[in-house]
Amino acid sequence: MKRIIISLVAVILTAGSLAAQDLAEATEAYNNAATTLSAGDKAGALDAFSKALNMAETLGEEGAEIASRCKNTIPNLLVSIAKEQLQGAKFDEAVATIGEAVKKAEEFGNSEVVAKAKALLPQAFLLKGKALLAKGDLDAAEEAYQQAAANGQEASANKQIAQIYLKKAASALSGKDYQAAFDAAQKALSISENATAFKIAGTAAMKLEKKEDAINNLQKYIELSPTAKDVAQMKEVIEALKK
C-alpha cells in the first residue's frame with residue numbers, strides 16, 4: 001500500500017515538474033518572439049508568436065496569459081506587415097495578409113483589429129489601381145477600383161473608374177472606333193457628368209449618324225463648358241445636325 005502511495009506522489013510531482021517546464025518553454029518562446037520583433041523581423045516574429053501560442057494553449061489555464069498576449073499581438077502584427085507590403089507595392093500579398101489579419105482577429109475576438117484591417121483593404125485596392133493606371137493597364141486598374149468600391153470606397157473608386165472610361169473613349173475616338181468611343185463615354189457619364197465625355201460621345205454619335213444622340217451630348221458639352229474655345233463651332237455642328 002505504501003508503495004502505491006509513494007508511486008502516486010511521484011507521478012504528481014513529476015506532472016507538476018513537467019507542467020512547470022512546459023510553461024517555462026512557452027515563456028521562453030514568447031520572449032524570443034518579442035526579441036525577434038524588436039529586431040525588426042516581423043515575418044520571423046509572426047511565426048515565433050504563432051508557435052508560442054500553440055505551446056501556451058496546450059497548458060490550459062497555466063498558459064492563459066501568454067496565449068492572451070500572443071492573440072493580441074498576432075493580428076496587429078499582420079496589419080503592420082500588410083502596411084509594409086503596400087509601401088513596397090506588393091498589393092496582392094498585402095490583400096492576402098489583410099485577409100489573414102481579419103481571420104485571426106475574428107478568431108481571437110479582437111473587434112478593434114477586425115475594423116482596422118477591413119478599413120485597410122479598400123486602401124490596398126485603391127493603391128493597386130493607381131499603380132496599374134500609371135502603367136497604362138486600364139482594364140486591370142478598373143478591376144482594382146471595382147474591388148475598392150465593393151469594399152466601401154465607392155466615391156473614390158468610381159471617380160477613377162470614370163476617368164478610365166474617359167481615357168478609353170478618347171483612345172477609341174482617336175483610333176476612329178466610334179462605337180467603342182461612344183460606349184466608353186456613356187459609361188463614364190453613367191458615373192458622373194463630364195464635359196469631355198459629352199464631347200466625345202457627341203462627336204462619336206455624329207460619326208455613327210446618330211443625330212439625336214449627337215445633338216443631346218454636344219448640347220450638354222456646351223452647358224458644362226460655355227467658355228470653351230470650340231463652343232461656337234459646336235453650335236454650328238448642332239444646327240447642321242438639326243436640318
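What you see is a predicted model; the values in this text were computed from it and never measured. We're numbering straight along the sequence, starting at 1.
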To check you understand the geometry: which heavy-atom pair defines the closest contact between Ala188 and Ala197, and what is its length?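 Ala188 and Ala197 have their closest heavy atoms at CB-CB, 4.4 Å.
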Taking every non-hydrogen atom, the tightest pair across Ala117 and Val102: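 For Ala117 and Val102, the tightest heavy-atom pair comes out as CB-CG2, 3.5 Å.
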Just verifying a value: how many Å separate [X] [atom1] and [Y] [atom2], rounded to the nearest 0.5 Å?
| X | Y | atom1 | atom2 | answer |
| --- | --- | --- | --- | --- |
| Asp213 | Leu208 | CG | CG | 9.0 Å |
| Leu127 | Leu132 | CG | CG | 11.0 Å |
| Leu166 | Leu189 | CG | CG | 8.5 Å |
| Leu218 | Ile200 | CG | CD1 | 11.5 Å |
| Gln219 | Phe198 | CD | CZ | 11.0 Å |
| Ile98 | Lys116 | CD1 | NZ | 12.5 Å |

Does [X] pair with [Y] as a salt bridge, N-O distance under 4.0 Å?
| X | Y | result |
| --- | --- | --- |
| Lys71 | Glu57 | yes |
| Asp139 | Lys168 | yes |
| Lys90 | Glu84 | no |
| Arg69 | Glu65 | yes |
| Lys51 | Asp47 | yes |
| Lys199 | Asp230 | yes |

Within the distance-only criterion (no hydrogens, no angle test), does the side chain of Asn110 pair as donor or acceptor with the backbone N or O of Glu106 below 3.5 angstrom?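 Side chain of Asn110 to backbone of Glu106, a donor-acceptor pair under 3.5 Å: no, none is there.
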Under 3.5 Å side-chain donor-acceptor pair for Ser80 and Lys42: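 On atom types as modelled, these side chains qualify, holding a pair under 3.5 Å.
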